[in-house]
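Report on the structure given below.
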Amino acid sequence: MHAMSASSVSPPTHSRPQQAERIVVLDFGSQYAQLIARRVREQHVYCEIVRHDISATRLRELAPRGIILSGGPSSVYEAGAPRCDPDLFRLGIPVLGICYGMQLACDALGGQVGRAEAREYGRAACEVTTGDPIFAGVPPQTEVWMSHGDQVDTVAADFVPLARTATCPMAAVRHRTLPVYGLQFHPEVTHTPAGGRMLANFLRATCGCSGSWRLEDFAATTIAELRARVGSERVICGLSGGVDSAVVAALLSRAIGDQLSCILVDNGLLRKNEAAAVIEEFTEHFKTDLHVVPAEGRFLEVLSGVTEPQEKRRRIGRTFVDCFADEAAKIRGAKFLAQGTLYPDVIESGAAPDGPAATIKLHHNVGGLPEDLQFQLIEPLRDLFKDEVRQLGLQLGLPERIVWRHPFPGPGLAVRCLGEVTKPRLDKLREADAVVLEELERAGLMRKVSQAFAVLLPVQSVGVMGDARTYDDVLAVRAVETEDFMTADWSHLPYDVLARISTRIINEVRGINRVVYDVSSKPPATIEWE
């Protein structure tokens, strides 16, 4: 939920999963690196992301079934461009280079890369020119997604061209003697319709993967590991109302039962009925030792008169830490602290496994704990993506209303209440936000929309309600669709749904007379307004 100082807890002793079948993705800065790993896991093959400069020796120790070189924004011929250990191509492990990864592989093995005469961004018609197992089941004419300004000009005689587009004569290549493939396009995106088939062919025909990895196995293995590690000690878990912390708590509840104590800081900044739902689930269903800290007044006091977004975040973070630490000190014998760090958090913070000088960003449910509060850290979800966490939550028996709850920022409604944060403004925003979510649920759109919420603006506008003139608040509605939250498109909600949302908010929430819809994509806008 908030940033945590790495010195405040003992370093995590997370053991990486021992997978019989593992694919590693070398990340060269591509916006799609996480998507590649997710697509591989969808084929029931475990996949993880590592730094691009991992040594061939370390790769040999990991013994992956295959290596994927991601795309990236650099040009391989530029000084300082990220490169991989060239010895990895001689390990005998199958390699698939995608976009920049293909250019890097061809360059390392005797080819030349230059600036393309015609850059390709977007959909392109691709012709498969040579029969090869990687294109088994793929039509000879297929659509692919291109995103490149460079391309392979010439390849060594050891490479065989496999496909082409109108402007890219080597859209796909294969080495004659080494198990090395290159695709100039992106098979991992949905805009390449046969991309999933190509990845499946690489995993099975080239890497020999059977596709036996299952999330159910992860749950059983993790529960057993948690029991062994915790023993008879007590674990504290901070609950935030979000799905990540809820799944961590559910996993620990299965593993260690009444040795788990949860802390929910009710800061008055949560969504409507959110605290009540968490309290009900973790007292009635999971029978957890739940400590609720009622702290609305304390948070409102420190936020009084503050309008600058970063200052809001700082004050909320400090107050949260104080509340959490005070309550944690009352729980005797606690040795471990659990939180919901996910795999993307580890990657984005530069802590991808095997990277040099990796630093871990500990930033989910608990933050910046004082030096004298020492715990060993437990992060049981740090190998999972968001969609996998949701699946795991359902397997553990969490209700769909918690599992499919939309993401929520750490500072809560404070950063959706633009301007000064007061209880009347928060209550107004909370009611309007509930209407947005209720109408999306009613229309069956909650799972189609990745994130939706209301934003109370520090703007008033003139209106007419009945025979009276009003001068009330403006509310913005934000809904986006995204796969990784790094980029996002605004949701094209049906007009009738937008109309119901607007009508209900203006009629039911006193003090709002105008509703607007945010049609900005990320980038250039961000998903949240503050």
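Quick note: numbers below take in every heavy atom, side chains included, and nothing from hydrogens, waters or symmetry partners.
- The two residues V278 and L290 make their nearest non-hydrogen contact at O-CD2, 4.4 Å.
- A salt bridge links E311 with R315: the distance from a Lys NZ or Arg NE/NH1/NH2 to an Asp or Glu carboxylate oxygen falls below 4.0 Å.
- L377 and R229 get closest at one heavy-atom pair: O-NH2, 3.1 Å.
- With sequence neighbours excluded, the residues forming a salt bridge (charged side-chain N to carboxylate O under 4.0 Å, His left out) with E400 are R447, listed by chain and number.
- For the atom pair I256 CD1 and L251 CG, the distance stands at 10.0 Å (nearest 0.5 Å).
- Residues R271 and H406 meet the side-chain proximity criterion, which asks for heavy atoms closer than 4.5 Å.
- With contacts defined as side-chain heavy-atom distances shorter than 4.5 Å, the pair V293/F324 does not qualify.
- Partners of R478 according to the side-chain hydrogen bond (donor to acceptor under 3.5 Å, both in side chains) rule, which considers only residues two or more places apart in sequence or in another chain, are D518.
- Of the charged side-chain nitrogens involved, at least one lies within less than 4.0 Å of a carboxylate oxygen, so that R39 and E42 count as a salt-bridged pair.
- The salt bridge (charged side-chain N to carboxylate O under 4.0 Å, His left out) check on D496 picks up R500, with sequence neighbours excluded.
- Contact check for I501 versus Y517: no side-chain heavy atoms found under the 4.5 Å cut-off.
- Sorted by first and then second residue, the pairs that involve residues 319-330 and meet side chain to side chain donor-acceptor pair (under 3.5 Å), not counting sequence neighbours, are H291-E327, E327-K330.
- Remark: the backbone N or O of P411 is not paired with any side-chain donor or acceptor of K312 at under 3.5 angstrom.
- Partner R401 forms a salt bridge (Lys or Arg N to Asp or Glu O under 4.0 Å) with one of E274, E438, E281 and no other, that one being E281.
- Between Y100 and F28, the ring planes are tilted. Angles from 30° to 60° get that label.
- Under the 3.5 Å distance criterion, the side-chain polar atoms of R416 are left unmatched by any main-chain donor or acceptor of F453.
- Between the side chain of T341 and the main chain of R382, no donor-acceptor pair closer than 3.5 Å is present.
- Put simply, the side chain of Q451 gets close to the backbone of P407: a donor and an acceptor are under 3.5 Å apart.
- The side-chain tip of R41 does not point at the ring of F385 from less than 6.0 angstrom away and within 45° of straight on.
- In terms of modelled atom types and a separation under 3.5 Å, the side chain of S74 and the main chain of A81 share no donor-acceptor contact.
- The backbone N or O of E530 lies less than 3.5 Å from no partner atom in the side chain of E528, so there is not a single donor-acceptor pair.
- Put simply, CG on L498 and OG1 on T503 are 10.5 Å apart, with the number rounded to the nearest 0.5 Å.
- Looking at heavy atoms from C-beta onward, L264 lies out of side-chain contact with F282 at the 4.5 angstrom threshold.
- In this pair, Y32 and H186 present their aromatic rings perpendicular. The plane angle is above 60°, beyond the 30 to 60° band.
- Looking at heavy atoms from C-beta onward, R38 lies out of side-chain contact with C47 at the 4.5 angstrom threshold.
- Under the side chain to side chain contact (heavy atoms under 4.5 Å, CB included) criterion, D427 pairs with K423, R430, not counting sequence neighbours.
- Closest approach of A488 to T482, counting heavy atoms only: CB-CB, 3.8 Å.
- Of the possible polar contacts, none joining the D258 side chain to the D289 backbone as a donor-acceptor pair under 3.5 Å is found.
- The shortest distance between side-chain heavy atoms of F408 and V243 does not fall below 4.5 Å.
- Contact record, V25 with A33: CG1-O, 4.5 Å, taken as the closest heavy-atom pair.
- In this structure, L426 CG and D433 CG are separated by 11.5 Å, a value rounded to the nearest 0.5 Å.
- Atom CG of residue L252 and atom CG of residue L260 lie 5.5 Å apart, to the nearest 0.5 angstrom.
- The shortest side-chain heavy-atom distance between T222 and D383 does not fall under the 4.5 Å cut-off.
- Taking each heavy atom of K272 and A434 in turn, the nearest pair found is CD-CB, 3.7 Å.
- Q259 places a side-chain N or O within donor-acceptor distance of the main-chain N or O of E233, the cut-off being under 3.5 Å.
- When atom types are taken as modelled, the side chain of R227 and the backbone of R254 share a donor-acceptor pair closer than 3.5 angstrom.
- Using a cutoff of 4.0 Å between basic side-chain nitrogens and carboxylate oxygens, D472 and R510 are not scored as salt-bridged.
- Within the 4.5 Å cutoff, no side-chain heavy atoms of H492 are placed close to those of E481.
- Using a distance-only test at 3.5 Å, with no hydrogens or angles considered, no donor-acceptor pair links the side chain of S75 to the main chain of E78.
- Taking both residues in full, the closest heavy atoms of V421 and L269 are given as CG1-CD2, 4.5 Å, listed atom of the first, atom of the second, then distance.
- Applying the ring pair (Phe, Tyr, Trp, His ring centres under 6.0 Å) definition to pairs two or more places apart or across chains, none involves residues 222-256.
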